[in-house]
2 protein chains.
Amino acid sequence: MTVPNLVEVASLIGDESRAAMLLCLLGGKALPASELARAAHVTPQTASSHLAKMVAGGLLVHESYGRHRYYRLASIEVGLALEALNAVASPKPIRSLRESEESRALRFARTCYDHLAGEVGVALTDKMGELGLVRSQGRDFVVTLNGTQWFREFGIDVEDLGRSRRHFARQCLDWSERRHHMAGALGAALTNRLIELKWVERVPVGRAVRITPSGLMGFKGELGIRFSISGR
Amino acid sequence: MTVPNLVEVASLIGDESRAAMLLCLLGGKALPASELARAAHVTPQTASSHLAKMVAGGLLVHESYGRHRYYRLASIEVGLALEALNAVASPKPIRSLRESEESRALRFARTCYDHLAGEVGVALTDKMGELGLVRSQGRDFVVTLNGTQWFREFGIDVEDLGRSRRHFARQCLDWSERRHHMAGALGAALTNRLIELKWVERVPVGRAVRITPSGLMGFKGELGIRFSISGR
DNA sequence: TGTATAGTTCGATACTAGTCGAATAGATTG
DNA sequence: CAATCTATTCGACTAGTATCGAACTATACA
């Protein structure tokens with residue numbers, strides 16, 4: 001059974017420090033080496049060694065800006081592999097009473113590569129279905145006529161998105177909620193627009209995102225979604 | 001960044017011997033410990049240790065029949081994770097001239113968890129599209145009216161399959177060909193029927209499958225697909 | 001041009017984990 | 001019951017690798 005470098009990829013992910021870095025990058029942002037070192041709780045030397053290995057293994061790519069070196073996931077396949085591993089690793093969304101703030105925030109709202117996941121992602125997706133803006137079809141969502149207009153008013157041109165080579169509006173099952181949220185080009189565009197409108201904002205490090213006060217009002221006014229305590 | 005046991009899962013897969021065993025089991029069959037030991041080229045003791053770890057880690061489950069102990073993948077998520085890792089590991093389907101018989105056979109025809117993949121899987125899927133039996137729709141295939149009748153004549157009740165909770169006819173992108181083949185309930189049913197008809201047969205170990213002589217004739221007569229040398 | 005900062009390379013250390021030989025536990029067969 | 005086969009447990013050996021201190025390179029800033 002001569003296998004390709006599957007083993008190499010898996011063992012790269014199978015290290016505490018490297019996995020921490022990868023999960024940080026799962027948000028889609030590129031981060032400098034120093035920040036990844038902090039996230040993994042290791043010294044810069046150690047981090048550098050890990051980063052070099054992950055680049056060699058095809059998991060990461062880097063670009064230099066001045067004396068900083070920004071690392072990001074090499075491809076969307078890497079993100080998908082991480083999510084797939086997570087799905088194996090967590091078949092038990094037991095909400096322990098004493099869970100960390102960190103994981104609560106993650107479960108409430110986070111990015112899944114480039115679109116919104118967690119309770120917020122699911123609630124948003126559900127509401128769009130409820131309002132008849134989108135409709136589930138197999139593994140995808142399709143946008144209704146009403147939806148096309150709503151997205152246009154919201155600042156997203158559905159026609160344009162449809163022309164990209166990317167999957168238009170795929171259903172993505174995440175590990176915390178056990179329901180679907182919107183991924184694909186539409187999911188990414190929606191997320192970008194929400195950030196642009198400052199309804200949600202990325203937190204400095206990691207994949208968690210926050211709902212802003214104006215976001216709270218916006219979600220309630222535009223879509224009729226009430227979030228409790230903005231996730232904390 | 002407190003992560004679940006993602007690291008554990010990845011590091012379990014990230015070992016040469018264990019990966020060999022997992023890929024053997026990716027065919028969907030349950031195999032006894034001794035066979036897995038042979039496949040991984042390790043002693044039974046070593047294999048036993050690995051198997052125990054993979055069971056503890058939620059990758060495998062086992063059932064005992066007499067003095068044999070059969071192991072299989074614990075869930076479809078495990079298979080999906082393996083495929084996702086493979087997609088990261090092999091972004092380069094360079095067909096080297098001196099590739100092994102083994103990988104040639106694999107690329108020609110293999111099972112992807114429980115449905116047919118490789119050249120044969122893709123050719124079959126393509127032809128069904130060409131003949132107007134199925135039609136691509138987003139991430140899925142839908143069966144046409146003609147298709148429904150064809151499948152009935154072939155021994156598959158499409159209506160029945162549609163009632164299962166499983167995805168009906170998902171498009172699955174495999175690593176060797178870079179095109180889609182049919183997965184989901186319909187893909188699995190089709191594969192089972194082909195084995196039942198003895199058009200294809202599993203090889204004793206691993207994921208590769210063979211086209212039988214009657215299969216060669218059947219594929220040509222029923223669907224107009226000509227396979228060259230039955231993969232070897 | 002000197003100094004601080006970001007990042008890497010090198011070398012030494014320590015720990016983890018894969019491996020197999022030997023022995024043991026069940027199950028099957030004659 | 002003895003012989004045989006499958007599979008596991010235990011113990012010892014070994015190799016691979018994550019880690020950090022120290023030194024080095026390169027960029028930025030004053």
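Letters A, B, ... mirror the listed sequences (proteins, then strands); counts begin at 1. None of these values were measured; they are calculated from a predicted model.
Which of dT19(D), dA22(C), dT6(D) sits closest to the side chain of H68(B) comes down to dT6(D). Distances were taken from every side-chain heavy atom of V42(A) (C-beta onward) to each of dT8(D), dC20(D), dT19(C); the shortest belongs to dC20(D). Considering only side-chain atoms of S34(A), the nucleotide from dG18(C), dG7(C), dT19(D) that sits closest is dG7(C).
Note on ring orientation: taking the six-membered ring where Trp is involved, the planes of Y71(A) and H62(A) are tilted (angle from 30° to 60°).
Protein atom CG of L36(B) is 13 Å distant from nucleotide atom C1' of dT6(D), rounded to whole Å. With rounding to whole Å, R38(B) atom CZ is found 15 Å from dC5(D) atom C1'. In this structure, Y70(B) places its OH atom 11 Å from P of dT6(D), rounding to the nearest Å. Atom CD in E35(B) sits about 12 Å away from atom P in dT6(D), given to the nearest Å. Between the C1' atom of dA17(C) and the CG atom of L12(B) lies a distance of 12 Å, rounded to the nearest Å. Rounded to an integer number of Å, the gap from E8(A) CD to dT17(D) P is 10 Å. Taking atom CD on E16(B) and atom C1' on dA15(D), their separation rounds to 15 Å, with Å as the unit.
Here the side chain of R110(B) pairs no donor or acceptor atom with the backbone of G121(B) at under 3.5 angstrom. For the pair R193(B) (side chain) and I156(B) (backbone), a donor-acceptor distance under 3.5 Å is absent. Checking side-chain atoms of R18(A) against main-chain N and O of L12(A) turns up a donor-acceptor pair under 3.5 Å. In this structure, the side chain of N5(A) does not engage the main chain of E8(A) through any donor-acceptor pair within 3.5 Å. Under a 3.5 Å cut-off, the side chain of S48(B) and the backbone N or O of P44(B) do not form any donor-acceptor pair.
The shortest distance between the side-chain N/O atoms of R69(B) and the OP1/OP2 oxygens of dA27(C) is not below 4.0 Å. When the side-chain nitrogen and oxygen atoms of T43(A) are compared with OP1 and OP2 of dC20(D), one or more of them lie within a distance under 4.0 Å.
If you check residues 46-67 of chain A against DNA chain D, the residues with a heavy atom closer than 4.0 Å are T46(A), H50(A), K53(A), G66(A), R67(A), listed by number.
Interatomic distance, L197(A) CG to E222(A) CD, rounded to the nearest 0.5 Å: 9.0 Å.
You'll find a donor-acceptor pair under 3.5 Å spanning the side chain of Q45(A) and the base of dG21(D), going by distance alone.
Contacts of Y71(A) with the nucleic acid, taken as non-hydrogen atoms under 4.0 Å apart, involve only primed sugar atoms and P, OP1 or OP2.
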